[in-house]
Protein chains: 2
Amino acid sequence: MIGHHPEPDQIKLENVLTALGHPMRLAIVRELAGGGERACGTVLSKEIAKSTLTHHWRVLRDSGVIRQRPSGREHLLSLRREDLEQRFPGLLDSVLAGVESDPESVDRYAP
Amino acid sequence: MIGHHPEPDQIKLENVLTALGHPMRLAIVRELAGGGERACGTVLSKEIAKSTLTHHWRVLRDSGVIRQRPSGREHLLSLRREDLEQRFPGLLDSVLAGVESDPESVDRYAP
DNA sequence: ACGTCAGTACGACTTCTGTCGTACGATCCG
DNA sequence: CGGATCGTACGACAGAAGTCGTACTGACGT
């Protein structure tokens, strides 16, 4: 079962900012920023409990930051770049630049 | 007594995003975006309990989004535009643009 | 069909947030 | 000085958020 993705015009700024306001989720977004799709299991460190990851997928999905698509027995994740860019121009880029400029608090989650 | 303001290079992205990820605080930032200083009591609706406001001043101050300066019996608030711009270029501008593009969830806090 | 693998669902638990009421300290003004 | 005003401090409380273990579903490979 896969949860709910908001339509582009239903994406709420406060939800996006809340979703991005957590180092683990920033790490996820950073990993996905390269483009393309990644399976859930390949995005972050294996140390993290799967149910914890599921929780964060939901937050990012419900806020409109990522898209989640089933493919075989995997779920592929991707950044909703165009939707976010259309809705909040420049926001995602400046956040990504910010993460790169100070990756400390995010690195420990890397795979 | 006035709390702690982080140095510009200690401003953490995740804290800024968390601070901005709340409609009431977005409303505050929006009010301060005009520039200059405003007394605490003039920024939002009078309906809100003063202790609640104090809580949000703290969140915004500790994250580095606003500066708070005593002046007589008032505390003057201002946006830390330059510091944020230097640390996370473009971020604040795109957030402010986002608020203006959809002020619904924020309007009810206006004074 | 069977076991394995990817991810979710659910429940438990702890911590963090948001809100408020009340009490306090500092400042201004008559 | 005495009273009013601005904001903080503290304590209480409900609800949300984050983490995990366990159980489960669905798809794959043999």
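As a basis for the values below, the full set of heavy atoms in this structure was taken, side chains included, without hydrogen atoms, waters or symmetry mates. Sequence lines set the chain letters: A, B, ... in the order given, protein chains first and strands last, and positions in each chain run from 1.
Per the geometry, CD1 belonging to A/I2 stands 18 Å off P belonging to D/dT25, to the nearest Å. Per the geometry, CG belonging to B/L44 stands 12 Å off P belonging to C/dC20, to the nearest Å. Distance CD (A/E47) to P (D/dC20): 10 Å, rounded to an integer number of Å. Distance CD1 (A/I48) to P (D/dG18): 14 Å, rounded to an integer number of Å. The interatomic distance linking B/L53 (CG) with D/dA9 (C1') rounds to 15 Å, in whole Å. In this structure, A/E14 atom CD and C/dT17 atom P are separated by 17 Å, rounded to whole Å. Atom NZ in A/K46 sits about 16 Å away from atom P in D/dC20, given to the nearest Å. Taking atom CD1 of B/I28 as the reference point, atom C1' of D/dG7 lies 14 Å away to the nearest angstrom.
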- Message: Assess the residue pair A/D107 and A/R30 against the criterion (salt bridge (charged side-chain N to carboxylate O under 4.0 Å, His left out)); give the C-alpha distance rounded to whole Å, side-chain angles, the decisive distance to 0.1 Å, and a yes or no.
- Response: CA-CA 10 Å; A/D107 266 341; A/R30 185 198 192 194; 3.0 Å; yes
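Counting only heavy atoms from C-beta on, B/H22 has its side chain closest to C/dT19 among C/dG7, C/dT19, D/dC20. For B/H55, whose side chain is taken as the heavy atoms from C-beta onward, the closest listed nucleotide among C/dT19, D/dT8, C/dA6 is C/dT19. Nearest to the side chain of A/K50, among D/dC20, C/dT8, D/dG7, sits C/dT8. If you check C/dT19, D/dT19, C/dT22 against the side chain of B/H56, the one that comes closest is C/dT19.
Taking only side-chain nitrogens and oxygens, B/T52 never comes nearer than 4.0 Å to OP1 or OP2 of C/dT19.
With hydrogens and angles disregarded, a donor-acceptor distance shorter than 3.5 Å links the side chain of B/R87 to the backbone of B/I11. Put simply, the side chain of A/T42 never gets that close to the backbone of A/R38: no donor and acceptor are under 3.5 Å apart. Side-chain atoms of A/S63 come within 3.5 Å of backbone N or O of A/V59 as a donor-acceptor pair. For the pair A/T18 (side chain) and A/N15 (backbone), a donor-acceptor distance under 3.5 Å is absent.
Of the residues near DNA chain D, A/T18 and B/T42, the one whose nearest nucleotide (by heavy atom distance) lies more toward the 5' end is B/T42.
Contact check on A/R25 versus B/E14 returns no salt bridge, with no Lys/Arg side-chain nitrogen under 4.0 Å from an Asp/Glu carboxylate oxygen.
Looking at residues 57-81 of chain A, you'll see A/G72, A/R73 sit with a heavy atom under 4.0 Å from some atom of DNA chain D.
The two atoms that bring A/Q68 and A/H5 nearest to each other are N-NE2, 2.9 Å, heavy atoms only.
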